[in-house]
Engineer: 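Handing you a structure now.
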Amino acid sequence: MSPAERRERLAELDPDRLTELTAETETDEDHDPLGELPNADAYDEIRMRLAPNPNGPWHLGNARMPAVIGTYKDRYDGWMLCRFDDTDPETKRPDLDAYGDILDAIEYLGFEPDAVIRASDRLETYYEYARELIELGGAYTCTCSAETFSELKNAGEPCPHRAKDIETVMEEFEAMIAGEYDPGDIVLRVRTDIEHKNPALRDWAAFRMIDTPHPREEAAGYRCWPILDFQSGIDDQLMEISHIIRGIDLQDSARRQRFLYEYFDWEYPEVVHWGHVQIDAYDVKMSTSTIKGLIAEGELDGWDDPRAPTLASLRKRGIQGEAIVSALVELGTSTSDVDLALSAVYAANRELIDDDTDRAFFVRDGVEKPVVNGPDAGTPPVHPDYDERGDRTIPVDGAVVVEPADVPPNGERVWLKGYGCVRHTRDAFEFTGDGIDAVREEDVPVVHWVPADENVPLTLRTMDGPVTGHAEPGLREYAPDDIVQFERVGFARIDAMNDDAVAYFAHP
RNA sequence: GCUCGGUUGGUGUAGCCCGGCCAAUCAUGCGGGCCUUUCGAGCCUGCGACGUGGGUUCGAAUCCCACACCGAGCACCA
């Protein structure tokens, strides 16, 4: 039935309802991919946290956390904590540089945490709450091997240690803190429901022994470390977090932590889970450990290699943090997995920088052609949309370099942008003196060029590897970090301006 | 195996809770046109989607059931 038919039918059956529908006004809300936070009205202040694991510099996927949480912070005038969840000195060993790198990355994205803490500074606090939990009968020390416990748990059967009295548990837990056990010998478990239908929630481990000292000197003396679910559960309460936003891999985490909150009679924060992000356009898998490995093997030049899907790499290419945030926010917070199109980041970035970016010529792998009978210089505009910024002056000392694909067949003309029309005769470009109508009416192509002598040899580093070529002499006026648009090539960030000039390609 | 999520154009997203101006929004992408001394910007325009099958209903993207497919958890990782 077509909509028109449906309306007709409705008019027969229930004319009042039809009138109501017609009266309902369409609210044209602003485009808002994020939507409102759940139950936001119930809180005086929206308090959120970023909870990075400082095991390496950030890739593009990691940026989603500050992008979304930071955007909500701005929207609700909320509060944002950066808490380093660095409670595994062994298998997810923190990288001491990463703490600072991550804070830099957050700043690059345009946000500032209201507070920064490290879980590894807070072991005594976690111990205190663990003791309290034991007093409440909510935890027990367990000396089952991981395998044994796993089998019992999967069968829904308690292990013998579950029945221990509180005093014994407390003694053994104090001994754990004192470092009197070896790794693997004992854990502290939260007593949940051993017959819970979801096996992932049954009596989960809260503390375990780790011999490897924490890389941070302040925390190197501890041997008894909390598991994320315990540490983060306690901290979220202590920091009065109102909204937790994190990945679907932590969905069961929330369910586990609710048992903790019930023992302490706390109220669990609102929680939003999102799916995984993949990025098109990169050959390198977006994973901290993979990138770390490729750098170690020399496959990548470093964290800022343009081929690496890292924030450092995008930053090096001159892409604004704001563009990354805007593309990531656009993904919303759905629980299904999403692909981020890098072109969305480019589109956002182009929008941000196009107006302010000066134009310049860069000829890739050029061929030299003598120019005869023409003027001494070309004067293309600094920015085609803003006459007031003036023209560049590019000298022509008898010859220019153009890209091979731009050389017209013999006898044909080409317009050297900002200079004039030339005809390819034998092996030279002969100035023709044609007016711009040649371009407008006669389809003469417009190309970029640089002088053969006075130019700037430059390497443009791209995602597909380096490209060598020559830029116009005026490029020397630019300094590292400046962004230019190489006409007909794309935007680029100047990285070094000396004998070996280097720029990083951003996008078309 | 047990448990928990998800599935709207090439990509992302809105709509789903509370069925009806939804032959489905917006963005990006791609194509065409205009403009332009850039393959950029701008303007105009086009392309393109409700996983499958049943059910409920006057009416289903929306509610119910089944199936398919994708993902996550069941770590002494985060």
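Chain naming here is simple, since letters A, B, ... match the order of the sequence lines and numbering starts at 1 in each.
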Engineer: Among the candidates B:A41, B:U37, B:U11, find the nucleotide nearest to the side-chain atoms of A:R350.
Structural biologist: B:A41
Engineer: Rounded off to whole Å, could you give me the CZ-to-C1' distance for the A:R202 and B:C4 pair?
Structural biologist: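 Nearest whole value for this atom pair: 14 Å.
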Engineer: Using a heavy-atom cut-off of 4.0 Å across all strands, would you classify A:G275 as base, sugar-phosphate, or nothing?
Structural biologist: nothing
Engineer: With rounding to whole Å, what would you report as the distance between B:G51 and B:U36 at their C1' atoms?
Structural biologist: 45 Å
Engineer: In terms of side-chain heavy atoms of A:T335, which of B:G5, B:G40, B:G12 is nearest?
Structural biologist: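 Of the options given, the side chain of A:T335 lies nearest B:G5.
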Engineer: Please measure how far the P atom in B:C58 lies from the corresponding atom in B:U52, and state the result in whole Å.
Structural biologist: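 Result for the P pair: 25 Å, nearest Å.
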Engineer: Name the closest nucleotide to the A:D385 side chain, picking from B:U13, B:G40, B:G5.
Structural biologist: B:G40
Engineer: Can you check whether A:P158's main-chain N or O pairs, donor with acceptor, with A:R162's side chain at less than 3.5 Å?
Structural biologist: no
Engineer: Output one letter per nucleotide in nucleotides 64-78 of chain B: B when a protein non-hydrogen atom lies under 4.0 Å from the base, S when only the sugar-phosphate is that close, - when neither is.
Structural biologist: -------SSBBSBBB
Engineer: Can you tell whether the side chains of A:E195 and A:R202 come within less than 4.0 Å, N to carboxylate O?
Structural biologist: no
Engineer: How close or far is atom P of B:U13 from atom CH2 of A:W274, stated in whole angstroms?
Structural biologist: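 It works out to 13 Å between those atoms.
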Engineer: Run through RNA chain B and report every stem of 3 or more consecutive Watson-Crick or G-U pairs, distances under 3.5 Å, ordered by first number.
Structural biologist: B:1-7 with B:68-74, B:10-12 with B:26-28, B:29-34 with B:42-47, B:51-55 with B:63-67
Engineer: Can you tell me how far C1' of B:U37 sits from CZ of A:R413, to the nearest Å?
Structural biologist: 14 Å
Engineer: Would you indicate whether A:E351, at its atom CD, is surrounded by more than 12 heavy atoms from other residues, nucleotides or ligands within a distance under 6.0 Å?
Structural biologist: no
Engineer: Identify which nucleotide among B:U37, B:C4, B:C39 has an atom closest to any side-chain atom of A:W415, counting heavy atoms from C-beta outward.
Structural biologist: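 My answer, after comparing the listed nucleotides, is B:U37.
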Engineer: Taking B:G32 as the reference, what is the distance to B:G71 when you measure between their C1' atoms (whole Å, please)?
Structural biologist: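 One C1' to the other, the span is 40 Å.
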Engineer: Go through the N and O atoms of the side chain of A:R359 and the base of B:U38, and report whether any donor-acceptor pair is under 3.5 Å.
Structural biologist: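 Yes, a donor-acceptor pair under 3.5 Å.
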Engineer: Taking atom C1' in both B:C70 and B:U28, what distance in whole Å separates the two?
Structural biologist: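 Nearest-Å result for B:C70 against B:U28 at atom C1': 24 Å.
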Engineer: Does A:E487 reach the main-chain N or O of A:Q485 with its side chain, forming a donor-acceptor pair under 3.5 Å?
Structural biologist: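 Side chain of A:E487 to backbone of A:Q485: no pair is present.
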Engineer: When you measure from the centre of the six-membered ring of A:F149, is the NZ or CZ of A:R189 closer than 6.0 Å and no more than 45° off the axis?
Structural biologist: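 Geometry flag: set, cation within 6.0 Å and 45°.
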Engineer: Is there a donor and acceptor pair, one atom on the side chain of A:E330 and one on the base of B:U28, closer than 3.5 Å?
Structural biologist: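 Absent.
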Engineer: Using whole Å, what does the distance between atom C1' of nucleotide B:A14 and atom CD of A:E36 come to?
Structural biologist: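 Rounded to the whole Å, the gap is 14 Å.
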Engineer: Within the 4.0 Å heavy-atom criterion, would you say A:P384 contacts the bases, only the backbone, or no part of the nucleic acid?
Structural biologist: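 Counting heavy atoms under 4.0 Å across all strands, the contact made by A:P384 includes a base.
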Engineer: Take A:G332 and A:R255, find for each the nucleotide of RNA chain B with the closest heavy atom, and name the residue whose nucleotide sits nearer the 5' end.
Structural biologist: A:R255
Engineer: Quick one: on RNA chain B, does A:A327 or A:H383 contact a more 5' nucleotide (nearest heavy atom)?
Structural biologist: A:A327
Engineer: Using the C1' atom as the point on both nucleotides, what is the distance between B:A61 and B:C44, in whole Å?
Structural biologist: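 The same atom, C1', in both gives a distance of 31 Å.
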Engineer: For a quick check under 3.5 Å, do A:H383 and A:R389 share a side-chain donor-acceptor pair by atom type?
Structural biologist: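 No, no side-chain donor-acceptor contact under 3.5 Å.
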Engineer: Looking only at non-hydrogen atoms, find the nearest pair between A:Y126 and A:F207 and report the distance.
Structural biologist: O-CZ, 3.7 Å
Engineer: Any carboxylate oxygen within less than 4.0 angstrom of a Lys/Arg side-chain nitrogen, looking at A:E472 and A:R392?
Structural biologist: yes
Engineer: When all nucleic acid strands are considered with a 4.0 Å heavy-atom cut-off, which category describes A:S334: base, sugar-phosphate, or nothing?
Structural biologist: sugar-phosphate
Engineer: With a 4.0 Å limit, can you tell me whether A:K197 has a side-chain N or O closer than that to the phosphate oxygens OP1/OP2 of B:C4?
Structural biologist: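 Result: yes.
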Engineer: Provide the distance between the two P atoms, one in B:G48 and one in B:G10, to the nearest whole Å.
Structural biologist: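 B:G48 and B:G10 have their P atoms separated by 10 Å.
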Engineer: Sticking with atom C1', work out how far B:G31 lies from B:C50, rounded to a whole angstrom.
Structural biologist: 25 Å
Engineer: Between A:R83 and A:D85, does any NZ, NE, NH1 or NH2 come within less than 4.0 Å of an OD or OE carboxylate oxygen?
Structural biologist: yes
Engineer: Say you pick atom C1' in B:A49 and the same atom in B:C34; how far apart are they, in whole Å?
Structural biologist: 30 Å
Engineer: Starting from P on B:U38, measure out to OH on A:Y419 and report it in whole angstrom.
Structural biologist: 19 Å
Engineer: Taking atom C1' of B:G40 as reference, at what distance in whole Å does atom NE2 of A:H448 sit?
Structural biologist: 13 Å
Engineer: Take atom CG in A:D355; do more than 12 heavy atoms of anything else shown fall under 6.0 Å from it?
Structural biologist: yes
Engineer: To the nearest Å, how far apart are A:Y346 OH and B:U11 P?
Structural biologist: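 About 19 Å, once rounded to whole Å.
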Engineer: Scan side-chain atoms only and decide if A:Q257 and A:Y268 contain a donor-acceptor pair under the 3.5 Å cut-off.
Structural biologist: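 Yes.
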Engineer: Just by modelled atom types, is the A:R256 backbone N or O under 3.5 Å from a matching donor or acceptor in the A:D229 side chain?
Structural biologist: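 No, A:D229 side chain to A:R256 backbone: no donor-acceptor pair under 3.5 Å.
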Engineer: How close or far is atom P of B:G42 from atom CD of A:E351, stated in whole angstroms?
Structural biologist: 6 Å
